[in-house]
2 protein chains.
Amino acid sequence: MPQSTSRLGVLDQLTGYHLRRAFGAFGADFHIAMEGTGLRQVLFAILSIVSNSPGINQSRVGKLLGIKRANMVSLINELIDLGLIFRMEDPRDRRSMSLTVTAAGTALIREGLKKIRAHEERMLAGFTDDEKQILLDLLRRIEARAPAT
Amino acid sequence: MPQSTSRLGVLDQLTGYHLRRAFGAFGADFHIAMEGTGLRQVLFAILSIVSNSPGINQSRVGKLLGIKRANMVSLINELIDLGLIFRMEDPRDRRSMSLTVTAAGTALIREGLKKIRAHEERMLAGFTDDEKQILLDLLRRIEARAPAT
DNA sequence: TATTGTTATACTCTATAACTATA
DNA sequence: TATAGTTATAGAGTATAACAATA
C-alpha cells in the first residue's frame, strides 16, 4: 500500500483528517448557499430544533446540538433579534425560558431547507442513495462517541 | 419514513449536520489524546506534510491542507518556536521559505502518530475494516468538491 | 503582472469560571 | 444541592485587505 502515492503521506489514511476537510468543504458551500438568509449552520440547527419541539428550553436545545449553555445565550439572542423565535418564561419552572418559532421563522426554515437540500445535492453529486445512507449511518455511529455536553 | 422518530427532525437527514457533529466528536477526543504533546490537529498535519516533502514552502503546505497563506504564518511560527521545524530562504526563489522538520519534530511525529492511531481506533471501535475504508472513500469524494484555497 | 510571505483585523466557534434565580 | 440562564473571557479557526520583496 503505497502511501507515497499521495503527497499527504500518513494523513491520507487518517479518518480525522478527512473528516476535517470534508466538514470544511461542506461548511464553505453551506455559507455560500445561505447567503442572503442571514442563517449560519448553528442558527439553522437551533431554529429547526425549536420548530420541532415548541416550548423547549435553551439547555435542552444545547444538549441536543452539543452546544454549551453559556454559548447558547448569544445564539438565541441573535435569533430573537432576527425575529425568528421568541422567548418567554416557563410558568411551571421559572428558571427556564420557553422557546417558540415565529411565523417569519417558519417561513425562513422552509426557504433555508430548500437551499440546504440543493447544497447537499451539490456536495453529494455522484453519490448513490445507498452511499448517502451509508455515510449518514457511519457518521451517526461516530457521533455516538461524543462526550456529553 | 418517520422523521418524528428523532427529536432532531429534518436535521437527522442532513449530511452536513452529521458531518459537523462527527467532526466535533473526533476533535474533542483528538484534543484529549494529544494532551501533553503540545500538538493540535492543524499543527500535526503541517508537521506531517513538511516531513513528507522536505524543503516545501508555506504556500504549498497551505494549499495541500486548505489553509490560507495569511493563516500559515503564525502556525509555522508556532512550530518553529516549539523547535519542531526550521525555516530558511530558498536560494532558487528568494520569495519562498523552505521548511524542514527537525529531529525533535520527527520524534514528535512518531509519538503523535501512535497516540492518533489509538484515538482513531477508539472513535472507530465497532467499525469493520471495510467500513473504515468506505468512510475514507466517501469523505475523500466530498473533499474533492472543496473550493481551491 | 503574479506570487510569497507578512501584518492587521474581524468574525465565529468553543471552552471555563463564576454569578443569580429558581427548584 | 442542583439546574437554567447569564456574563465575562480566552483560545482557536477562518476570512479579507493591503503591503514589501521577488519573480
Side-chain angles (χ1 to χ4, degrees), chain A residues 16-17 19-21 23-32 34-35 38-46 55-80 85 87-99 146-149, chain B residues 16-17 19-21 23-32 34-35 38-46 55-80 85 87-99 146-149:
Chain A
Y17 168 75
L19 214 37
R20 174 174 169 272
R21 298 302 303 272
F23 169 71
F26 249 80
D29 194 73
F30 186 97
H31 185 253
I32 294 168
M34 300 302 270
E35 230 145 54
L39 290 181
R40 306 190 301 279
Q41 259 185 319
V42 208
L43 295 183
F44 179 83
I46 295 174
I56 193 173
N57 69 29
Q58 297 182 195
S59 292
R60 297 236 323 120
V61 175
K63 269 174 197 145
L64 282 171
L65 293 177
I67 303 172
K68 301 224 177 292
R69 241 173 36 252
N71 296 324
M72 285 298 298
V73 180
S74 62
L75 294 170
I76 295 295
N77 285 339
E78 272 192 84
L79 290 171
I80 290 172
I85 66 176
R87 166 173 53 192
M88 55 180 201
E89 214 177 52
D90 184 331
R92 287 165 312 176
D93 182 343
R94 290 169 46 229
R95 292 171 304 182
S96 286
M97 302 305 270
S98 163
L99 304 174
T149 305
Chain B
Y17 168 74
L19 215 37
R20 174 174 168 273
R21 298 303 303 274
F23 170 70
F26 248 79
D29 194 74
F30 186 95
H31 184 254
I32 294 167
M34 299 302 270
E35 231 145 55
L39 289 181
R40 306 190 300 279
Q41 257 185 321
V42 209
L43 295 184
F44 179 82
I46 295 174
I56 193 172
N57 70 28
Q58 297 183 193
S59 291
R60 296 234 327 118
V61 175
K63 269 173 198 146
L64 281 172
L65 293 177
I67 303 171
K68 301 224 177 289
R69 237 172 40 247
N71 295 325
M72 285 298 298
V73 180
S74 62
L75 293 170
I76 295 295
N77 285 339
E78 272 193 83
L79 290 171
I80 290 173
I85 65 174
R87 167 173 52 191
M88 56 178 200
E89 213 177 54
D90 183 332
R92 287 165 312 177
D93 182 344
R94 290 169 46 228
R95 293 171 303 182
S96 286
M97 302 305 271
S98 164
L99 304 174
T149 305

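Lettering of chains follows the sequences in order, A, B, ..., and the numbering in each one begins at 1.
The two residues B:Leu39 and B:Phe30 come nearest to each other via the heavy atoms O-CE2, 4.4 Å. Minimum interatomic distance between A:Met97 and A:Glu89 (heavy atoms only, all atoms of both residues): SD-CA, 4.3 Å. Between B:Ala25 and A:Ala146, the shortest heavy-atom distance links the atoms CB-CB, 3.6 Å.
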In 5'-to-3' order, the base (B), backbone-only (S) or no-contact (-) status of each nucleotide in nucleotides 13-23 of chain D, using a 4.0 angstrom heavy-atom cut-off, is SBBBB---BBS
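Among residues two or more places apart in sequence or in another chain, the salt bridge (Lys or Arg N to Asp or Glu O under 4.0 Å) test is passed with B:Arg40 by B:Glu78. Evaluation of the salt bridge (Lys or Arg N to Asp or Glu O under 4.0 Å) rule for A:Arg95 yields A:Asp93 as partners, not counting sequence neighbours.
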Would B:Ile85 and B:Ile80 count as a side-chain contact (heavy atoms from CB on, under 4.5 Å) here? Give the steps. CA-CA 5 Å; B:Ile85 65 174; B:Ile80 290 173; 3.8 Å; yes
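The outermost nucleotides of DNA chain C lying under 4.0 Å from heavy atoms of chain B, listed 5' to 3', are C:dA2 to C:dT14.
Of the residues in residues 56-64 of chain A, those placing a heavy atom less than 4.0 Å from an atom of DNA chain D are A:Asn57, A:Gln58, A:Ser59, A:Lys63, in numerical order.
Within the structure, every side-chain polar atom (N or O) of A:Arg87 is placed at least 4.0 Å from both OP1 and OP2 of D:dA4.
Residue pairs meeting the salt bridge (Lys or Arg N to Asp or Glu O under 4.0 Å) criterion with at least one partner in residues 64-73 of chain A, sequence neighbours excluded, do not occur; the list is empty.
Counting only N and O atoms by type, the side chains of A:Asn57 and A:Ser96 include a donor and acceptor under 3.5 Å apart.
Here the side chains of B:Leu64 and B:Ile56 are in contact, with some heavy-atom distance below 4.5 Å.
Heavy atoms of other residues, nucleotides or ligands lying less than 6.0 angstrom from CZ of A:Arg87 number more than 12.
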